[in-house]
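Have a look at the structure below, then the notes.
Whatever order the structure lists them in is the order used to number ligands and atoms, beginning at 1.
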Amino acid sequence: MIDPETLMQYMLSLRHAGVTDRDVLNAMERVPRHLFVTGHFQDRAYHDMPLPIASGQTISQPSVVGRMTQALQVGKRHKVLEIGTGTGFQAAILSHLARRVYTVERHRILARPATKLFQEMDLGYVRVLSGDGTLGLPDQAPFDRILLTAAAEDPPSILLAQLRVGGIMVLPVGQTDAVQSLIKIEKTQDGLEYTELDKVRFVPLVQGMAND
Ligand code: SAH
């Protein structure tokens, strides 16, 4: 249980940081972040900051998750692909907004507990896959929305090919130890349209499966 005061402060911090979409705020209110944070970091679960998780990865900052979700403009009929499950926070939120969510993680040590946690929670359709997200999920393509939660040097063309015409991809791009740009790519009949949204800092998108 989250105490109501903590929840209220958390929701307020999201709004102040530019998360204003009602559906996104509702979805976030329904996903208790402490379930996705481990050990002694749990008491900071409702602070607006990224926190360490297993395998040297991070659970994203809530306001960044909110703004990315907002930028993705997810609809109830959408099939969504997320690359970089981590402990599953972002995917759980997406599951309240989309028809289906597929999320891919290269560390089995993260993918397994996320699968288990999702089974215990009251979520929409969300499936975790252990694998290399840079390859996407050709079997399930095309996707209406694709979200990368790890930074690529360039938008991966394999993933762009798995995006439906009319679809949107949101991802951080840039060198990993520098400030990165969060960009939105819209795939139209005529090609790709790029919009820069924000400055962010994410862990790197790494090719291949991890060995843990
Ligand atoms: N979406 C998460 C953020 C996790 S951090 C959240 O809601 O908090 C980003 C994750 O991307 C890490 O767990 C990292 O292991 C994963 N990742 C990096 N490269 C990947 C790849 N090629 N395929 C799948 N996952 C990848």
| said: Contact between F202 and Q180 at the side-chain level, heavy atoms closer than 4.5 Å - yes or no? | reply: yes

| task | Please report which non-hydrogen protein atom sits nearest to atom 9 (C) of ligand 1, along with the residue it belongs to and the distance in Å to one decimal place. | result | T149 O, 3.3 Å

| request: Identify, for atom 22 (N) of ligand 1, the protein heavy atom at the shortest distance, and state residue, atom and that distance. | output: V206 O, 2.6 Å

| note | protein heavy-atom neighbour closest to atom 23 (N) of ligand 1 works out as G133 N, 2.7 Å

| Do D132 and ligand 1 have an N or O pair less than 3.5 Å apart? | yes

| remark: For L110, the ligand 1 atoms with a heavy-atom partner under 4.0 Å come out as 13 (O)

| What atoms of ligand 1 come within less than 4.0 Å of a heavy atom belonging to Q90? | 1 (N), 7 (O)

| field | Among H78, K79, R164, R99, the one residue meeting side chain to side chain donor-acceptor pair (under 3.5 Å) with D144 | value | R164

| said: Test of understanding: given a 4.0 Å heavy-atom threshold, classify the contact between E105 and ligand 1 as side chain, backbone, both, or neither. | reply: both

| field | Protein contact of atom 4 (C) of ligand 1 - nearest heavy atom, named by residue and atom, plus distance | value | T58 O, 3.1 Å

| query | Is there a side chain to side chain contact (heavy atoms under 4.5 Å, CB included) between L182 and V170 once you walk through the steps? | reply | CA-CA 7 Å; L182 187 68; V170 171; 3.9 Å; yes

| note | ligand 1 atoms nearer than 4.0 angstrom to some heavy atom of H107 are 15 (O)

| field | Heavy-atom gap P50 to ligand 1 smaller than 4.0 Å | value | no

| query | So which of Q73, E193, M68, E196 actually passes side-chain contact (heavy atoms from CB on, under 4.5 Å) with K184? | reply | Q73

| field | Beyond-backbone contact of F89 with V65, side-chain heavy atoms, under 4.5 angstrom | value | yes

| Quick one: does Y125's side chain get under 4.5 Å of F118's, heavy atoms only? | no

| task | State whether the side chain of Q70 and the backbone N or O of V24 hold a donor-acceptor pair below 3.5 Å, judged by distance alone. | result | no

| query | Among protein heavy atoms, which lies nearest atom 18 (C) of ligand 1, and at what distance? | reply | P204 O, 3.5 Å

| field | Side-chain heavy atoms of R44 within contact of L51, under 4.5 Å | value | yes

| field | Residue and atom name of the nearest protein heavy atom (relative to atom 25 (N) of ligand 1), distance in Å to one decimal | value | R106 N, 3.3 Å

| field | Contact atoms of ligand 1, heavy-atom distance to T134 under 4.0 Å | value | 22 (N)

| Is any side-chain heavy atom of Q61 closer than 4.5 Å to a side-chain heavy atom of D48? | yes

| said: Looking at ligand 1, would G131 count as a contact under a 4.0 Å heavy-atom criterion? | reply: yes

| Residue and atom name of the nearest protein heavy atom (relative to atom 3 (C) of ligand 1), distance in Å to one decimal | S60 OG, 3.5 Å

| task | Please could you name the atoms of ligand 1 that V203 approaches to less than 4.0 Å, counting only its heavy atoms? | result | 5 (S), 9 (C)

| query | For ligand 1, which atoms sit closer than 4.0 Å to a heavy atom of E82? | reply | 1 (N)

| field | Check against salt bridge (Lys or Arg N to Asp or Glu O under 4.0 Å), R108 and D212 | value | CA-CA 6 Å; R108 288 187 190 85; D212 63 355; over 6 Å; no

| task | For A150, counting its heavy atoms only, list the atoms of ligand 1 lying under 4.0 Å from any of them. | result | 11 (O), 18 (C)

| task | Identify, for atom 11 (O) of ligand 1, the protein heavy atom at the shortest distance, and state residue, atom and that distance. | result | G84 CA, 3.1 Å

| Distance-only donor-acceptor check, side chains T85 and E105, under 3.5 Å | no

| message | Rounded at 0.5 Å granularity, tell me how far CG in L12 sits from CG in L7. | response | 11.0 Å

| field | Ligand-residue contact atoms, ligand 1 with F89, heavy atoms, under 4.0 Å | value | 7 (O)

